[in-house]
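Keep in mind that this is a model prediction, so the values were computed, not measured.
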Amino acid sequence: MSRRCLWVLLALLAICMACGQRQEKGADEVKVQTKDYLAKNDSMIYGLACPGCNDSVLVLLPDSGGDPVSYNILNARRNHKIFGRPAIGDKMAVLVDPEHPGELLTAVNLEQLMGTWVYMQMPVMRHVADSARRDSVLKTLTDEERQRFDSIMRSYRVPVEYGYNLKRDFTVSVVGGPPRKTSLDAQTPMEYPPIMRYKEWHVYNGRLVFSYGGMKISNMEGANTELSHDTATLLILRRDTLVLQFADKVQGFKLKPDSLQEE
């Protein structure tokens, strides 16, 4: 296949993507106010780490009042359910083993969760209306033409920083995200996926819950959606590393060096 065919293929991709974009346009959406997230049936105990904490014991001063309580954390540590190393005065959330009240099932250092966590996001292939036609043309390329085509595609694969700032008041602000859209975006074969606009974060029964606001369709009177939540399982929490398992993916984060758990 000639060089001309290669550029015809790229033009075809742009046309198909433009068609797909026109089909996706719908009613305008506007933000609506939602009530704050209120956890129900949360079995976690919240408090401060006290002197006496070590690799086998966590001493907690509960927010509910009373004297500090010592918990055995050996089994939780063996099961990789201790997230973050507690220091005196750190805000903690713990889940007590109901069959053994003196032991913990999990412990989360909320202090170490606070901060700006980021990751590098690669662009993905833009939606193509006629993907079967595209694939058919790609199969007819020679090795040299395919290498040239792959080289063009690689030039678009530039990572961009995405992330979230988890604040002390349990609100969330977005860091980075997709580049600002321009009129030339429809002509490129790649696009950056949207970033979830979370507004709050909470720990609930040992898992991390992110809340985001509902939306209202402007041409549908009263069509408001409730506050929604994404739940993630904590896999790793270290001083500069956070790994979360969402329903559809595992996402790793790095703590920004200039992020020191500021409000």
Please evaluate residues F210 and L244 with respect to the criterion side-chain contact (heavy atoms from CB on, under 4.5 Å), reporting the C-alpha separation (whole Å), side-chain torsions for both, the decisive distance (0.1 Å), and the verdict. CA-CA 12 Å; F210 294 99; L244 301 176; 3.9 Å; yes

Any sub-3.5 Å donor-acceptor pair from [X]'s side-chain atoms to [Y]'s backbone N or O?
X: N79; Y: K81; result: no
X: Y198; Y: D230; result: no
X: E111; Y: K91; result: yes
X: N109; Y: R85; result: yes
X: Y162; Y: P193; result: yes

Is the closest side-chain heavy-atom distance between L110 and V203 below 4.5 Å? yes

Is any side-chain heavy atom of V96 less than 4.5 Å from a side-chain heavy atom of E103? no

Mind running side-chain contact (heavy atoms from CB on, under 4.5 Å) on M44 and V94 for me, showing each step along the way? CA-CA 5 Å; M44 302 204 80; V94 303; 5.5 Å; no

Remaining members of the apolar cluster that contains L48, side-chain heavy atoms under 4.5 Å: none

With K254 as partner, the option from T116, D240, T241 fulfilling side chain to side chain donor-acceptor pair (under 3.5 Å) is T241

Check the pair V118 / L255 against side-chain contact (heavy atoms from CB on, under 4.5 Å), numbers first and verdict last. CA-CA 6 Å; V118 298; L255 185 67; over 6 Å; no

Side chains of R207 and T231: any donor to acceptor distance under 3.5 Å? no

Give me the atom names and distance for the closest heavy-atom approach of Q112 to W117. O-CZ2, 3.2 Å

On a heavy-atom basis, the closest approach of G47 and L60 is C-CD1, 3.6 Å

For the rings on F170 and W201, is their centre-to-centre separation under 6.0 Å? yes

Applying side chain to side chain donor-acceptor pair (under 3.5 Å) to Y46 and not counting sequence neighbours gives D42

